[in-house]
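The structure appears right after this line, and notes come after that.
In what follows, every chain begins at residue 1, and chains take the letters A, B, ... in the order their sequences are listed.
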Protein chains: 2
Amino acid sequence: MHNQLFNHIKKFIDLNADEEQTLLSLLKSSSLKKKSFLLEEGQVCRANYFLVKGCLRLYFIDIKGAEQTTQFAIENWWITDLTSFQFQKPSEFYIQAVEASEVIAIEHHHYDEIFNRIPKLERYFRLVLQKSYQATQMRIRFLYSLTAEERYHHFNNSFPEFVRRVPQYMLASYLGFTPEFLSKIRAKK
Amino acid sequence: MHNQLFNHIKKFIDLNADEEQTLLSLLKSSSLKKKSFLLEEGQVCRANYFLVKGCLRLYFIDIKGAEQTTQFAIENWWITDLTSFQFQKPSEFYIQAVEASEVIAIEHHHYDEIFNRIPKLERYFRLVLQKSYQATQMRIRFLYSLTAEERYHHFNNSFPEFVRRVPQYMLASYLGFTPEFLSKIRAKK
DNA sequence: CGATTCTTTGAAAACAGTCAATCTGTGTGG
DNA sequence: CCACACAGATTGACTGTTTTCAAAGAATCG
C-alpha cells in the first residue's frame, strides 16, 4: 500500500531506505466506504491525502443549494482543501469518496516535520503542485474557450473510462453545467 | 530592484549573503514597455518571471479569435506558461505587459541549477505555487457559483484599484464574459 | 488633431438553466 | 430472490442570462 506512494515519489526524487522509514512513521492510511467523507463543510481539513485506489471528489454547496464539484482525484493524485489545511481554519468544501477508496494521509501536525526531516520532499511537493497547477490552468482554458457541449465531448473523448466511473450529476457540475443539460447533450446523438 | 525579490523570498525562507549572491548571478532583469510581449503563441517560454513593478497578463486566442485572459500578475507575483516553460515546447499563450513593467527572470537553462545550488528555494517555490494554486481554486469556485454579473461586482469590490488599472475588455475575459456585457452591467447602476 | 483603440448601445438569437413530472436502474431488507 | 424504495437520469416547456453583430460614441496616444 505504501509502496504505491513511494513509487510515485521516486518518479520525482530519490528516497533512501532511512528516509522511507521516516516518512512511513509519519503517514496514516485508511479505507473509505463509497460516499463517506474525509472532510465536511465547517470542519478543519486535517490532512493532505494521497489516493492509492478509488476516486474522491472535492465539492462545495453553492448559494442555490447545488453541489459544485471542483476537483476529482484518482490513483496517484493528492487531494485536500489547501486553504483550510494550511491555515487550519474551517473549510467551505466537502471531500467525499465517489467509490470505495484507499488513501494515505499526512496530517497537519506532521506536515512541517516531514519537510524538516526529509528536505527532499520539498522538491517532490513542489513538482506535484506544479502538475496540479498546470491541470487547473488547462481546465480554465477549456472553460473559457469551449461551450458546455464542447467541454463534455472533449472530456468524454479524453477520459472515456473516467466518464463511465462517475455519476453524471457530478460530472456535470465538474464541467460547469447542470445534470439536465448533460442529459440533453447525450440525447442529441 | 533585486531587493524586492529577496524581500519576497525572505517572507518564506531565510537566505544568507552567499545564497543571495549565487541567486543574483542567475537572475536577469528587464524593463518592458506597455503592450510588449514576454511570450507569444508558438514560441517556447524561456523563463519564469517575477514582477517587480507594473502589470502583466497571460492570455490565449480562442477558436473564434477572441483574446481570453487567464491570469494577471502584479507586484510580487510570478508568471509564466508553466507547461511550455517546463517542457520547453511551443506555447499556446501570450504574456503581455498591461502597463510598463519591470521583471526579474529565471531562465530555463538556469532553473535546475538554481535548485541544486540553493536547495532552500525548493521550499520557496513550493509555497509560491501553493499560493497560486489556492488562488486558482478560489477563482474556479467563483466561476462555478456566481453569475457573470455577480462575479464582476465581487471582483470590483475586492480589487477596486485593480479594476481601474486594467482595460475593461481584459477584465471581461478574465471574469469569463464579453466586453459588451461588462459594459451593460456597468450601465445598470 | 487625426488615427487608432476602447467602450457603449440596442435588437435579435443562442445557449444553458429551471422546474416538475416521469422513467430507469440498482441495492437492500424482508 | 423478490419487491420496494430511492437515487439518478431523462424529457419538455418555459424562462433568463449572456452572446453576437453592427454601428456609433468616447478616450487616448503620438
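For the pair Arg141(B) and Phe93(A), the cation-pi criterion (under 6.0 Å, within 45° of the ring axis) is fulfilled. With a 6.0 Å cutoff to the six-membered ring centre and a 45° limit on the axis angle, Arg139(A) counts as a cation-pi contact of Tyr174(A). Judged by a 6.0 Å distance limit and a 45° cone about the ring axis, Arg57(B) is positioned over the six-membered ring of Tyr59(B).
Along DNA chain C, the nucleotide nearest to Glu180(A) and the one nearest to Thr147(A) differ in position, and the one closer to the 5' end is contacted by Thr147(A). Each of Met170(A) and Glu149(B) was assigned the nucleotide of DNA chain D with the nearest heavy atom; the assignment lying further toward the 5' end belongs to Met170(A).
If you check the side chains of Tyr94(B) and Glu41(B), you find a donor sitting under 3.5 Å from an acceptor. A side-chain N or O of Gln134(A) and one of Gln86(B) form a donor-acceptor pair less than 3.5 Å apart. For the residue pair Tyr111(A)/Asn48(A), the side-chain donor-acceptor check at 3.5 Å is satisfied.
The phosphate of dG8(D) has OP1 or OP2 within less than 4.0 Å of a side-chain N or O from Lys35(A). In this model, the phosphate group of dT10(D) is not approached by any side-chain N or O of Lys188(A) to a distance below 4.0 Å at OP1 or OP2. Look at Ser183(A) and you'll find a side-chain N or O under 4.0 angstrom from OP1 or OP2 of dT10(D).
When the P atom of dT19(D) is taken as reference, atom CG of Leu175(B) falls 11 Å away, rounded to whole Å. One can place OH of Tyr152(B) at 14 Å from C1' of dT8(C), the figure rounded to the nearest angstrom. When rounded to the nearest whole Å, the span between NZ of Lys184(B) and C1' of dA11(C) equals 9 Å. Regarding Leu146(B), its CG atom lies at a distance of 16 Å from the C1' atom of dT18(D), rounded to whole Å. Following rounding to the nearest Å, Phe177(A) (CZ) and dG16(D) (P) show an atom-to-atom distance of 23 Å. Straight-line distance from the OH atom of Tyr169(A) to the P atom of dT10(D): 14 Å, rounded to whole Å. A straight line from CD of Gln168(A) to C1' of dA7(D) spans 13 Å, rounded to a whole angstrom. The distance from atom CD of Glu150(A) to atom C1' of dA16(C) is 14 Å, rounded to the nearest whole Å.
Nearest to the side chain of Ala187(B), among dT19(D), dA16(C), dT9(C), sits dT9(C). The side chain of Arg186(A) lies closest to dT10(D), out of dT7(C), dT18(D), dT10(D). Here dG17(C) is the nucleotide among dT8(C), dG17(C), dT19(D) with the atom lying nearest to any side-chain atom of Thr178(A).
Phe60(A) has its side chain within reach of Ser145(B): a pair of non-hydrogen atoms, C-beta onward, lies under 4.5 Å apart. Under the 4.5 Å side-chain criterion, counting only non-hydrogen atoms from C-beta, Val128(A) is in contact with His8(A).
Shown for residues 59-71 of chain A: residues whose heavy atoms fall under 4.0 angstrom of DNA chain C, namely Lys64(A).
At the heavy-atom level, Phe181(B) lies under 4.0 Å from base atoms of the strands shown.
Side chain Lys34(A) to base dG27(C): no donor-acceptor pair is found below 3.5 Å.
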